[in-house]
Number of protein chains: 4
Amino acid sequence: MVIVMKPSATKDDIKNIDALLKKLGLGVHISTGSERTIIGVIGDKRLLADTPLELMPGVDRLVPIVEPFKLAGRTFKPESTVIRIKDAEIGGKKLTIMAGPCAVESQEQIMQTAKFLKSRGVQFLRGGAYKPRTSPYSFQGLEEEGYRLLAEAAKDVGLLVVSEIVSIKSIEQAIEYVDIFQIGARNMQNFQLLREVGRTKIPVVLKRGLASTIEEWLSAAEYIMNEGNYNIILCERGIRTFETYTRNTLDLSAVPIIKEISHLPIIVDPSHGTGKWKLVTPMSRAAIAAGADGLIVEVHPDPTSALSDGPQSLNFETFDTLLDEIAKVAGVIGREW
Amino acid sequence: MVIVMKPSATKDDIKNIDALLKKLGLGVHISTGSERTIIGVIGDKRLLADTPLELMPGVDRLVPIVEPFKLAGRTFKPESTVIRIKDAEIGGKKLTIMAGPCAVESQEQIMQTAKFLKSRGVQFLRGGAYKPRTSPYSFQGLEEEGYRLLAEAAKDVGLLVVSEIVSIKSIEQAIEYVDIFQIGARNMQNFQLLREVGRTKIPVVLKRGLASTIEEWLSAAEYIMNEGNYNIILCERGIRTFETYTRNTLDLSAVPIIKEISHLPIIVDPSHGTGKWKLVTPMSRAAIAAGADGLIVEVHPDPTSALSDGPQSLNFETFDTLLDEIAKVAGVIGREW
Amino acid sequence: MVIVMKPSATKDDIKNIDALLKKLGLGVHISTGSERTIIGVIGDKRLLADTPLELMPGVDRLVPIVEPFKLAGRTFKPESTVIRIKDAEIGGKKLTIMAGPCAVESQEQIMQTAKFLKSRGVQFLRGGAYKPRTSPYSFQGLEEEGYRLLAEAAKDVGLLVVSEIVSIKSIEQAIEYVDIFQIGARNMQNFQLLREVGRTKIPVVLKRGLASTIEEWLSAAEYIMNEGNYNIILCERGIRTFETYTRNTLDLSAVPIIKEISHLPIIVDPSHGTGKWKLVTPMSRAAIAAGADGLIVEVHPDPTSALSDGPQSLNFETFDTLLDEIAKVAGVIGREW
Amino acid sequence: MVIVMKPSATKDDIKNIDALLKKLGLGVHISTGSERTIIGVIGDKRLLADTPLELMPGVDRLVPIVEPFKLAGRTFKPESTVIRIKDAEIGGKKLTIMAGPCAVESQEQIMQTAKFLKSRGVQFLRGGAYKPRTSPYSFQGLEEEGYRLLAEAAKDVGLLVVSEIVSIKSIEQAIEYVDIFQIGARNMQNFQLLREVGRTKIPVVLKRGLASTIEEWLSAAEYIMNEGNYNIILCERGIRTFETYTRNTLDLSAVPIIKEISHLPIIVDPSHGTGKWKLVTPMSRAAIAAGADGLIVEVHPDPTSALSDGPQSLNFETFDTLLDEIAKVAGVIGREW
């Protein structure tokens, strides 16, 4: 960390900070310029985490030098993480496709979808049992029954299940049905939930928050990892901007950035990232071309009757096109589908 | 709701929609223009909540006409809500000031603050027992012990307690110590938490989410109200924008907007809203001048030793200045302090 | 357009609006719901452009139905526009690559770059003669001399020249040296400049403004087209968001959206869109995969000595990699490089 | 400036940078930590402005320590600037009110407004001759005739004239009619225009760009000041965010920030800042309470017939209320109206 002093800082101000830092066991380097002094602080920044240096006399501001996460960073673990669940791998050469309806609605709907996905080589069935909806008057999901229907369909055809958990109670329900927990954008900084999920060893898809920087996203991953669960799959799903044409702005540059600064796998959600089914296929091609390890896509046997997110869901036919197109892109960038 | 058809929509497309809407019991008005047809839908929009009309052939897009909240709206309840807790009123002529440290750190710290606040006529003591922090390595709060210390100090001097709840477990702990629950910005769309709080009748300070529109904020209030708890105090605390000089961008225009479209009281948090203690007093004056019903402010006996948010906390002396200044502004706009 | 009336609107309010609209020669459809009346307005919305209907008694708000642009829209011209300049085509099957240094610095620098690009099959040489820089103390470009050096180098090896114009004076200077004008993000709503460029027939690369919606961007194109110049190439170059890791957030979803709603070609600028040279190649692959007609990329013989934008420039070696990679992606999505 | 080296930087990397900086005449302080080395650079940062240090081997990133502006900063000039034009002062104890229609429409309209404003003690008449409009089909202003009508009306009743200039041609037209130039949000980074205005000595209202940080805004002021014109009045007019209820998000925290870091006066535009006339008075009270030196407000004799911005304009009656209310707020914070 670098402490930038005010032009008006006195020698005593600097002496006080020097003394405090040394008392905390930190190394100190003082550079005196023509206008200002800056103080470099060396050592474990956690020693400083709760000391409000900004308020000490003469201090102008603090400049963090080291990123706020550690376990999630590539400095800590240089080789890329590959997560293995039964016969599936996430983060390896083969792309990971998670697909299914936004919400589990009925046995028939989820069974039909599961069979279709299996026949296309997809390994992960996604579906929402708890649906965080902006309005309390919208369909909120089948809850535990939803997890059960998912698991039955998946078991029947041989798929792995991905489903969102939204509370400690939902973790308890999901734990016997679900292979991968999903933490939604609105819960990315629900730190109680992150910690609870960290105490299980179940893999987690961690979606980026609507207004979260990449650093905050990796810090959220750090909460889970700090409890011992290292099986995290990051998921870019769009951030909120001033543009209203799309539901969110899909930030695909997050893909190569995560690949550079973190060892965790990253997938992309083009369905929430755009909010419009017509944009899902081109943005899926782009995600794979940018280097994503896979996709999570909304697919519904009949989007026009879907109880939520119909407008951004593919049907079986358009999903087939998507698979064809990403297979081609994967082939030319050293991946497989 | 208005359904805007594509220029290429056929007569059959329009007929199909007309039939569907009528089947749902809704009124339909069709306007055929030179380029497009638009269809006005009349009746309870909740009948449509889960029907993805956007996907029907010929539909270009839907334009919502009625706001997504009802119980929180001034149309539903024209007179302003005044919340009464013991001898205090929120939303009345007298301003509401909630003050105290970001985090409860020790009995001495909270007791000293409580005595000071009481001596200045403040009625609400705030303090965090659970602290949502970006990094898992920062101080996370004293948890239940924090609630207890707050309640003891408050009881001793005669104050009411405001404290954040972050999970169902924390609600259970807080319920015997706290007079007002606070729901933080990061939990504004933690719908499980909203519903749970809705089932108590305890007043709630509902902070605006970092990336939440005013409509989404009122929809979050609606979740609580829909469970039967109407005692909601909205709190503007800044939104996330591209500006980095302040921690957040305090959106004071939310104050007169809420006053126009909702009956709920609204207070402002200039501490989180700016992140810098020097900006707290001018922005507090501005908040009161804009029509806010009060403030929630971070005050600490010694901000330079605070375990969290020191840089945005006032000390006792600067808090005295704040009270003086808002009293003057209150006096000229028909409020009292 | 739809006029949404307030719940409190009277019959007279509605009658007045009806009368006004009819006087303006517009068609009127009135739908009376249980809570509100909505009024559909049919006809040329330009008749209404300067009538502040929002202020008429009883009006709650206006909902525009038709997009604000016409000439730039695919409804107006269904087939995609292909722009031909000498032997080059923009918007056809073959990708368009515009490359070169951020700023023209010297004859040697630009000559060396031109030869290299020509040898790689690139058809367009870009370089800045006028550089809009945030600080007045940064290098501002060689001005007219810059245009001259560009044109000489291009002529020598057989390339076409793309360069930014920033004022009417710069248009007058550039017109004899430049094949394509570039309008930068900061000038996207410099309407005097748009109109002036519209009066020439010279093709224009119109960059999206930092805070411009897609609709505003197409409206800026409309300013140019309305003066008679239809040769517009849109360029997505990133928008401003809260994320600070990248210089801007490259909004690749703009590519398929523009392809759907406009007939104009669209290219992508991954250099400004990310601000980091390491992200340029992955985001270029993604842009082509999303359907872009080409790229505009910063290439410099020695980025470490560049007078501006060095950190986001490729050198000749990394540019070769970029060309290899986009050629592969182009091949699988029906394009050519 | 601080140069943060990568963990992988070698001793040679550090030696190279040290040598380069010393060659440029800059002071160097090297701090070697357990994980990284950081290098403090001391001296005139302009020596470094065009050297892309980020690209040198071993460099991770640069951290600027000193703000990018100088002449606009309070370090350079500690006392607040007061601008005097004839008998008016901007930045003194008395508030500055600039008022008038968005666009000059006719002699009658502007004359009627001028008389009204004079009778209320307002000193500055504002009105647009050139109107930057999103759509080319909207009213674009009376151009030179507009400046003339403004000047006639102002001279007749004894007011000073504020009007927007949008190009060098418009500066030439305006210079004989206008007392204060206005640079609009869309032109805040039209650097040619800034420089041209800098060469006159005519005071300038410089509006903040829609997506401009406070630092960029002050850097734009620096462009004008660097040419010799120090008479700058900053104007906060709202920034673009995700909130759609208001036209922009008025960032009132900019007021106390500017007061702290700059010596220039700052006024607020609540009309564009909100886009809704009902919000103008509460946000004006808030602006004054936050410490603004004045307001620029849209007033029209008959907003319902205004050719632009009617919905955000006050009429004479509501403007009277505004003046009453801000006079009261001014009185309690040491200002006058």
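Just so it is clear: chains get the letters A, B, ... in the order the sequence lines come, proteins before strands, and each one is counted from 1.
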* Give, for atom OG of A:S212 and atom CD of C:E243, the distance between the pair rounded to the nearest 0.5 Å. => 9.5 Å
* What pair of heavy atoms forms the shortest contact from C:F242 to A:R240, and how long is it? -> CE2-O, 3.8 Å
* Could you look at C:L279 and say if it's the side chain, the backbone, both or neither that has a heavy atom under 4.5 Å from chain A? => side chain
* To do: Give the member of C:I239, C:I257, C:T244 that has the highest number of heavy-atom pairs under 4.5 Å with chain A.
  => C:I257
* Asked: Are more than 12 heavy atoms from other residues, nucleotides or ligands located less than 6.0 Å from atom CD of C:E79?
  -> yes
* Would you mind telling me which of C:K276, C:E215, C:K278 has the largest number of heavy-atom pairs within less than 4.5 Å of chain A? => C:K278
* Picking from A:I288, A:L252, A:T274, A:L250, which has the most non-hydrogen pairs under 4.5 angstrom with chain C? -> A:L252
* Asked: What is the minimum heavy-atom distance between A:P256 and C:M283, and which atoms define it?
  -> CG-SD, 4.1 Å
* Proximity breakdown for A:T241 and chain C, heavy-atom pairs closer than 4.5 Å -> side chain
* Structure fact -> CG of C:N248 to CG of A:D251, rounded to nearest 0.5 Å, is 11.0 Å
* Side chain, backbone, both or neither: which part of A:Y245 has a non-hydrogen atom closer than 4.5 Å to chain C? -> side chain
* Asked: Which residues, numbered in order, of residues 324-337 of chain C come under 4.5 angstrom of chain A by heavy-atom distance?
  -> C:K328, C:V329, C:V332, C:I333
